2 protein chains.
Amino acid sequence: MSENEHRKATIYDLSMKSGASASTVSAVLNGTWQKRRISAETARRITALAEELKYTANQQARALRSSRSGLAGLLLPVYDTRFFSSMAQTFEAQARQRSLLPVVVSGRRDPEEERRVVESLVAYSIDSLFIAGATDPDGVHRVCAAAGIPHVNIDLPGELASSVISDNRQGARALTKAIIDHARQGGPLSPDDVYMFGGRDDHASRERVIGFHAAKTEIFGTASGGDTENTGYSPSMTALAFERFYARHGRLPRCFFINSSINFEGLLRFMGGHDEQTFADIVVGCFDYDPFGSFLPFPVYMIRPDITKMLERGFDLLDHENATPHLITIEPQLVPPRTALKGPLDELRDKDAR
Amino acid sequence: MSENEHRKATIYDLSMKSGASASTVSAVLNGTWQKRRISAETARRITALAEELKYTANQQARALRSSRSGLAGLLLPVYDTRFFSSMAQTFEAQARQRSLLPVVVSGRRDPEEERRVVESLVAYSIDSLFIAGATDPDGVHRVCAAAGIPHVNIDLPGELASSVISDNRQGARALTKAIIDHARQGGPLSPDDVYMFGGRDDHASRERVIGFHAAKTEIFGTASGGDTENTGYSPSMTALAFERFYARHGRLPRCFFINSSINFEGLLRFMGGHDEQTFADIVVGCFDYDPFGSFLPFPVYMIRPDITKMLERGFDLLDHENATPHLITIEPQLVPPRTALKGPLDELRDKDAR
DNA sequence: TGTGGTTGCACCATCGATTGTGCAAGCGAG
DNA sequence: CTCGCTTGCACAATCGATGGTGCAACCACA
């Protein structure tokens, strides 16, 4: 598995071969050589030599000395949904632009696991951390604060650090209006035909419930209670909720709002056990975007958070280091049924296929 | 953004407060203290102190000295498909089990970018690298070999290092048979009704084409030419291919095989521009699994590679360090239409939702 | 020729952990 | 009381890069 393992070149190798001292070499390769009044000629010689020997700095040594590791952390609940995986993709691109190495970890929605994985990042002295969808953002905050690591919350806000989130309330309101409008085309609709499934007791879910009810009130003039069901972010619990509803009413609601694509997977599981008739006249809204989800056999309206903008704002916050926590809200996008949006995949080089 | 940034404790802090030397502290915390004949009592004292001060080792320093960083790399083309994102998820779990910190990067199917990002990993002296779906595995191999980094190919084989891949040929054969059998239930089918879209000139695609043709030959007794279209791994190119086909024949093929979920997104884009009638009687196979894809308005058979097993075998290969490259093949799973498989999401703690 | 200022670089401590080596104290045997 | 062995640990070099400080050489000017 090895072939020609000449050890990697260090500044000392460059120092020997160039006749300059190690500190000179370091200064040249850092770009700080002007400040140290190294002659242009010496700088040129060393740069050329570095190129020739394919020198790249040992980041551990650099980090140890300068206590900046060049690592940028992102904490996700899971990778395995389109929302979070495109967040990882976008994060990587933006981190690299700032010549940081992105390190993405998942906390599995377990407050303890979240703290553990963040501590493992802290051990590598990451320079900054994005906390996305943490169950306990403030617990993670404390770990970061103790280690002096700048951090922001993305998508779920925390009390103790700045946050960039989607406008969940307005998004949910728009989504709810869209599915009700659509469902009404199929005949009159009562408030009791409009439900919400999924989510838990977190900020995003609460806001979405408010938006959901706001839309219902606007349209029907009155809100009905008992029209939402918290199932956590779990496919199996969500599937159970649908089964229960179905057992009780002999059908699904005409029109319903699903809190996230993870909960949507619960609907898929329910679908697996029932015949296509069951879904003949439903209209669904999902607060997340998944291209395949958009083309299911019934109308699916989706909300796509603006991940790129959220992360950009996040990096801005890190750069400016506010003393008091800020909260930034980003408008998400309403996506009508049967829509295949472009995404990170389109930036691939593979367009010129053979 | 900061509050009580007492610097993190080091072995020197522990040394001072315990009265022992730094080297003793190090030995104790490493578990090598028996070998160094440190008394159990001293060990206990230091361990307790470490716990109290919440000591965690500075990984940069450890890495610098011992030249083992504790980082495990995974190179992906992209995050943003269910296949690769669940690979990232599974990789994280398996790396952590070995107390490594997973670092996942994406090479965007660009040979140069692949090498660049791997070099950035090498600068952090990662201990090992999994190369998944690289466009140029052998180029990446050379970077690793030069740095003496153990590595294996996953999913796409390379000549120069060991590889763990899916059985693409048998998988494609099974998938092709499944869609043909299904399509035949809707009436007689000719070989000209069975197409393949997507992929490029890589090992996986070639094998899949062979499997595809093998199945057609088995069933129809003869293969027809011109029944496959390479579009690269690009949604937009694939969409174009479908448009072209549609323009020429006034319809889609009755039955077709799509090389990957990325290409499947090309079909989604095509679908966005056409009415549901267009898809009324097609049967589709996709060499990748996506739960939402499985429930589209037409039958979709899918193949799910066994990611867990592939990664496990990969770690085995790293552990055993074979001199000559090995090739390990793992059977993938055929998934019938309308199937929502369980996945990494189900291992989340969120089952006990409130 | 002496003084003062600039140029161009070298020296060295340092970051925190690891590890080979050395050595004092204690103990038993002779 | 001394020799030799074990026990229990300390010392110091080291990994590679960084950055503060010091200093020789050179130049200009009086």
Side-chain angles (χ1 to χ4, degrees), chain A residues 6-47 49-50 53-71 122-125 127 147-148, chain B residues 6-47 49-50 53-71 122-125 127 147-148:
Chain A
H6 18 249
R7 312 204 27 63
K8 288 197 58 186
T10 71
I11 50 170
Y12 298 100
D13 300 330
L14 296 187
S15 161
M16 298 245 309
K17 304 213 180 193
S18 72
S21 77
S23 58
T24 298
V25 172
S26 169
V28 167
L29 299 175
N30 269 295
T32 59
W33 53 280
Q34 325 240 23
K35 214 170 57 193
R36 281 177 162 272
R37 299 189 315 235
I38 310 288
S39 74
E41 163 57 15
T42 306
R44 208 199 40 68
R45 253 182 31 245
I46 292 179
T47 319
L49 196 59
L53 299 188
K54 293 169 174 299
Y55 169 84
T56 54
N58 179 321
Q59 298 292 335
Q60 324 284 0
R62 181 207 290 272
L64 178 58
R65 179 56 228 252
S66 63
S67 56
R68 286 180 316 101
S69 63
L71 299 174
V122 169
Y124 282 91
S125 16
D127 292 339
Chain B
H6 18 249
R7 312 206 23 66
K8 289 196 57 184
T10 71
I11 49 170
Y12 297 101
D13 301 330
L14 295 187
S15 160
M16 297 245 310
K17 304 213 178 190
S18 71
S21 76
S23 57
T24 298
V25 172
S26 169
V28 167
L29 299 174
N30 270 294
T32 59
W33 54 279
Q34 325 242 21
K35 215 170 56 192
R36 280 177 164 273
R37 298 188 316 230
I38 311 287
S39 73
E41 164 56 16
T42 307
R44 207 199 42 68
R45 250 181 34 243
I46 293 180
T47 318
L49 197 59
L53 300 188
K54 291 168 176 298
Y55 169 83
T56 55
N58 179 321
Q59 297 293 333
Q60 323 284 0
R62 181 207 290 272
L64 177 58
R65 178 57 227 251
S66 63
S67 58
R68 287 179 313 103
S69 63
L71 299 173
V122 169
Y124 282 91
S125 15
D127 293 339

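Each chain gets a letter, A, B and so on, in the order the sequences are listed, and its residues count up from 1. Below, each value reflects all heavy atoms present in this structure, side chains not excepted, and no hydrogens, waters or symmetry copies. Predicted model only: the values in this text are computed from it and were never measured.
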Less than 4.0 angstrom between a side-chain N/O of [X] and OP1 or OP2 of [N], yes or no?
X        : N      : result
B:Ser26  : C:dT18 : yes
A:Asn30  : D:dT18 : yes
A:Arg62  : D:dG16 : no
B:Tyr124 : D:dG16 : no

Do [X] and [Y] have side chains that approach each other closer than 4.5 Å (heavy atoms only, starting at C-beta)?
X       : Y        : value
B:Asn58 : B:Lys8   : no
B:Leu49 : B:Val25  : no
A:Ile46 : A:Thr24  : yes
A:Thr56 : B:Val122 : no

Applying a 4.0 Å non-hydrogen cut-off, can you work out what [X] is touching in the nucleic acid: base, sugar-phosphate, or nothing?
X       : value
A:Ala63 : nothing
B:Ala27 : nothing
A:Thr42 : sugar-phosphate
B:Thr10 : sugar-phosphate
A:Ser39 : sugar-phosphate

Take the protein atom [atom1] of [X] and the nucleotide atom [atom2] of [N], then report the distance between them rounded to whole Å.
X       : N      : atom1 : atom2 : result
A:Leu14 : D:dA17 : CG    : C1'   : 12 Å
B:Ile11 : D:dC11 : CD1   : P     : 13 Å
A:Glu41 : C:dT7  : CD    : P     : 18 Å
B:Leu64 : D:dT18 : CG    : P     : 12 Å
B:Ile38 : C:dG20 : CD1   : P     : 14 Å
B:Arg65 : C:dC15 : CZ    : P     : 17 Å
B:Asp13 : C:dG16 : CG    : C1'   : 10 Å
B:Asn58 : C:dT14 : CG    : P     : 17 Å

Can you check whether A:Ser69's main-chain N or O pairs, donor with acceptor, with A:Tyr124's side chain at less than 3.5 Å?
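Judged by distance alone, no pair lies under 3.5 Å.
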Quick one: does any side-chain atom of B:Ser39 pair with a main-chain N or O of B:Thr42 as donor and acceptor, under 3.5 Å?
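Indeed, once roles are kept as given, a pair shorter than 3.5 Å links the two residues.
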Select from A:Gln60 and B:Val25 the residue whose nearest nucleotide in DNA chain D is closer to the 5' end of that strand.
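Here B:Val25 is the residue nearer the 5' end.
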Check whether the side chain of B:Ser21 and the base of D:dC11 form a donor-acceptor pair under 3.5 Å.
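In this structure, the two groups form no donor-acceptor pair.
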Side-chain-base donor-acceptor pair under 3.5 Å for A:Ser23 and C:dC11:
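By the distance-only test, yes, there is a pair.
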Nearest-nucleotide wise, let me know which of A:Tyr12 and A:Arg36 is further upstream toward the 5' end of DNA chain C.
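This one resolves to A:Arg36.
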